[in-house]
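Just below is one structure, and these are the notes that go with it.
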Amino acid sequence: MRSYFRLCLITLIAVYILILVGGIVRATGSGMGCPDWPKCFGKWVPPTSVSDLPADYKEIYSSIRERKNQRFAKYLHAIGFSETANQILAEESIKEERDFNPTKTLIEYINRLVGVIVGFLIFAVFVRSIKFWKWDRWIVIVAFITLILVVVQGWFGSIVVSTNLTPWTITLHMMLAMLIVFLLVFLVERSKGDSFGFKSAFSQLWLIACIVVLLIQIVLGTQLREAIDQIANTLSRNVWIDNVGGHFFIHRSFSWVVLILHVGLIFKLMQTQYSKAFSLVLILLILGTILTGTGMAYFGVPPFLQPVHLLLATVTFGVQVYLLFQLNRKVKTVGEI
């Protein structure tokens, strides 16, 4: 179980690295650096120059993405999302192909390589979990669900590309990533074996409230980024915040709710006997998230702050979920037996 714990922890760290790289992709506008999926310009190793591509590459890959969107629209019609399907098919901007940029292609390609590594790690997490079926079936079940979600996430990543980064697809892609983090944190906590043992002294409802408001804030932040994407090609960075309408005001205002609840959470944690480390970690994570968000608001959304801001928020979520699972430990794991 100890080696399985290390594997789960390494996989969780790899997922966070993928989130960081994904943030860099968004910050640099490299999401369409590879216009197809899983290959990049039809190759496993991407081109480094536009001379490596056919003269009509824009028409070729725009046509490929349009055919994929037509198939996706059929799925949406089948499950009752006909309006969304029609919007995807009617939106002309989705069909636009961007000029080849070797730097953006490389960034997106690295993002995909990290995604492949994460996929193999999660597959290993599932395979290694099977041996624990007799002792703790939840480990096997959650590992299997995580594997399925990673496959779905990979497929949906191709939809994000084929729809030319349609806003709602990015938000859903992010939420799937958070669900994968949630499940991996469960596996890390479950395989670790120990627990704090101060359940009666701590308000779990307060912790759950903090997790919920943080998730809402992450969604609001993703939607703010989507609004910025709509104006990023026509306006300079220093005026982005002034031109995104109410998205920034809502995200900034809701941050006070996040801050107040987390101050209360940290205060409650510091009253317990076993959680000084958690208190310090949460303080640093919340302060880091707020400071990077403030830096983006007042300094023209510097590209280097965007992925750091996202990473700090998602790590905060993982720490909170780990604490919640520790407080709800009801059965012994193999490591305790």
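If you're wondering where the values come from, they're calculated on a predicted model, not measured in any experiment.
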Original post:
Are the side chain of His173 and the backbone N or O of Thr169 linked by a donor-acceptor pair below 3.5 Å?
Top reply: no

Original post:
Does Leu312 reach the side chain of Val315, with side-chain heavy atoms less than 4.5 Å apart?
Top reply: no

Original post:
For Asp56, which residues count as a side chain to side chain contact (heavy atoms under 4.5 Å, CB included) partner, sequence neighbours excluded?
Top reply: Pro54, Glu59, Ile60

**OP:** Keeping the roles fixed (side chain from Arg190, backbone from Phe5), state whether a donor-acceptor pair exists under 3.5 Å.
**Re:** no

Original post:
Mind checking whether His262 and Ile283 have side chains closer than 4.5 Å, heavy atoms only?
Top reply: no

Original post:
Judged by atom type as modelled, is there a donor-acceptor pair below 3.5 Å linking the side chain of Trp133 to the main-chain atoms of Val140?
Top reply: no

**OP:** Measure the CD1-OG distance between Ile64 and Ser62 for me, rounded to the nearest 0.5 Å.
**Re:** 9.5 Å

Subject >> Of all pairs that satisfy disulfide bond (SG atoms under 2.5 Å apart), the ones with a partner from residues 19-74, not counting sequence neighbours >> reply: Cys34-Cys40

**OP:** Could you give me the CA-CA distance, side-chain angles and deciding distance for Val25 and Lys104, then say whether side chain to side chain contact (heavy atoms under 4.5 Å, CB included) is met?
**Re:** CA-CA 8 Å; Val25 169; Lys104 292 182 178 181; over 6 Å; no

Original post:
Going by the disulfide bond (SG atoms under 2.5 Å apart) test, which pairs reach into residues 52-94, not counting sequence neighbours?
Top reply: none

**OP:** For atom CZ of Arg2, decide whether the heavy atoms of other residues, nucleotides or ligands shown that lie under 6.0 angstrom number more than 12.
**Re:** no

Original post:
Do you know which two heavy atoms are closest between Gly318 and Val181, and how far apart they sit?
Top reply: CA-CG1, 4.4 Å

Original post:
Is there a side-chain contact between Gln306 and Arg225, using heavy atoms and a 4.5 Å cut-off?
Top reply: yes

Subject >> Any pair counted as ring-ring contact (aromatic ring centres under 6.0 Å, His included), so long as it reaches residues 96-129, sequence neighbours left out >> reply: Phe41-Phe100, Phe126-Phe144

Original post:
Would you find a donor on one side and an acceptor on the other, under 3.5 Å apart, between the side chain of Tyr16 and the backbone of Thr11?
Top reply: no

Original post:
Counting only heavy atoms not in Trp138, do more than 12 sit closer than 6.0 Å to its CH2 atom?
Top reply: no

Subject >> Any donor-acceptor N/O pair, Trp206 side chain to Leu261 backbone, under 3.5 Å >> reply: yes

Subject >> Closest heavy-atom pair and its distance - Ser30, Ile107 >> reply: OG-CD1, 3.7 Å

Subject >> Minimum-distance pair of heavy atoms, taken over all atoms of Leu76 and Ala85 >> reply: CB-CB, 3.7 Å

Original post:
Judged by atom type as modelled, is there a donor-acceptor pair below 3.5 Å linking the side chain of His309 to the main-chain atoms of Thr292?
Top reply: no

**OP:** Go through the steps to decide whether Ile170 and Arg26 satisfy the test side chain to side chain contact (heavy atoms under 4.5 Å, CB included), and finish with yes or no.
**Re:** CA-CA 10 Å; Ile170 298 172; Arg26 295 295 305 282; 3.0 Å; yes

Subject >> Common cluster, Val116/Val15, ILVMFWY with side-chain heavy-atom separation under 4.5 Å >> reply: no

Original post:
What distance do Ile148 atom CD1 and Ile122 atom CD1 have between them, rounded to the nearest 0.5 Å?
Top reply: 11.5 Å

Subject >> Partner residues of Arg128 under the salt bridge (charged side-chain N to carboxylate O under 4.0 Å, His left out) criterion, sequence neighbours left out >> reply: none

Original post:
Sub-3.5 Å donor-acceptor pair from the side chain of Thr105 to the main-chain atoms of Gly33, do we have one?
Top reply: yes

Original post:
So, do Val142 and Leu184 sit near enough that their side-chain heavy atoms are less than 4.5 Å apart?
Top reply: no

Original post:
With the 4.5 Å side-chain cut-off for hydrophobic clustering, are Ile228 and Phe254 part of the same group?
Top reply: no

Original post:
For Ser63, which residues count as a side chain to side chain donor-acceptor pair (under 3.5 Å) partner, sequence neighbours excluded?
Top reply: Arg67

Original post:
Quick one: CG on Leu265 to SG on Cys210, what's the gap to the nearest 0.5 Å?
Top reply: 4.5 Å

Original post:
Going hydrophobic residue to hydrophobic residue with side-chain gaps under 4.5 angstrom, can you get from Leu287 over to Leu214?
Top reply: yes

Original post:
Between Thr316 and Val281, is any pair of side-chain heavy atoms under 4.5 Å apart?
Top reply: no

Original post:
How many angstroms lie between CD in Gln217 and OG1 in Thr222, if you round to the nearest 0.5 Å?
Top reply: 10.0 Å

Subject >> ILVMFWY network linking Leu291 to Val308, side-chain heavy atoms under 4.5 angstrom >> reply: no

Original post:
Which pairs count as disulfide bond (SG atoms under 2.5 Å apart) when at least one residue sits in residues 288-327, sequence neighbours excluded?
Top reply: none

Subject >> Tyr57 vs Val50 side-chain heavy atoms within contact, under 4.5 Å >> reply: yes

Subject >> Residue pair Ile241 / Ala297: nearest heavy atoms and the distance that separates them >> reply: CG1-O, 4.1 Å

Subject >> Short side-chain to backbone donor-acceptor contact, Ser253 and Ile250, under 3.5 Å >> reply: no

**OP:** Enumerate the residue pairs fulfilling salt bridge (Lys or Arg N to Asp or Glu O under 4.0 Å) with a member in residues 78-87, sequence neighbours excluded, ordered by first and then second residue.
**Re:** none

Original post:
Is any side-chain N of the basic residue among Glu108 and Arg112 closer than 4.0 Å to the acidic one's carboxylate O?
Top reply: yes

**OP:** Please examine the side chains of Leu310 and Ile19, heavy atoms only from C-beta on, and report whether any two atoms are closer than 4.5 Å.
**Re:** yes

**OP:** Establish whether Val219 and Met296 are linked, either directly or via other cluster members, by ILVMFWY side-chain heavy-atom contacts under 4.5 Å.
**Re:** no

Original post:
Between CG of Leu323 and CD1 of Ile211, what distance do you get to the nearest 0.5 Å?
Top reply: 8.0 Å

Subject >> Residues Arg65, Asp36: salt bridge by 4.0 Å N-O rule >> reply: no

Subject >> Heavy-atom pair with the smallest gap, counting every atom of Tyr4 and Val125 >> reply: OH-O, 3.0 Å

**OP:** Sequence neighbours left out, what passes ring-ring contact (aromatic ring centres under 6.0 Å, His included) with Phe182? Give chain and number order.
**Re:** Phe325

**OP:** Grab the two heavy atoms, one from Lys43 and one from Asp52, that are nearest each other, plus how far apart they are.
**Re:** NZ-O, 3.6 Å

**OP:** List in chain and number order the residues that pass salt bridge (charged side-chain N to carboxylate O under 4.0 Å, His left out) with Asp99, two or more places apart in sequence or in another chain; answer none if no residue qualifies.
**Re:** Lys58

Subject >> Residue pair Ile231 / Val244, side-chain heavy-atom distance below 4.5 Å >> reply: yes

Original post:
CD1/Ile286 to CD1/Ile266 distance, rounded to the nearest 0.5 angstrom?
Top reply: 6.5 Å

Original post:
Backbone N or O of Leu207 within a donor-acceptor pair of the Gln320 side chain at under 3.5 Å?
Top reply: no

Subject >> All salt bridge (charged side-chain N to carboxylate O under 4.0 Å, His left out) counterparts of Glu66, not counting sequence neighbours >> reply: Lys95

**OP:** Write out all pairs satisfying disulfide bond (SG atoms under 2.5 Å apart) with one or both partners inside residues 94-129, taking only residues at least two apart or from two chains.
**Re:** none

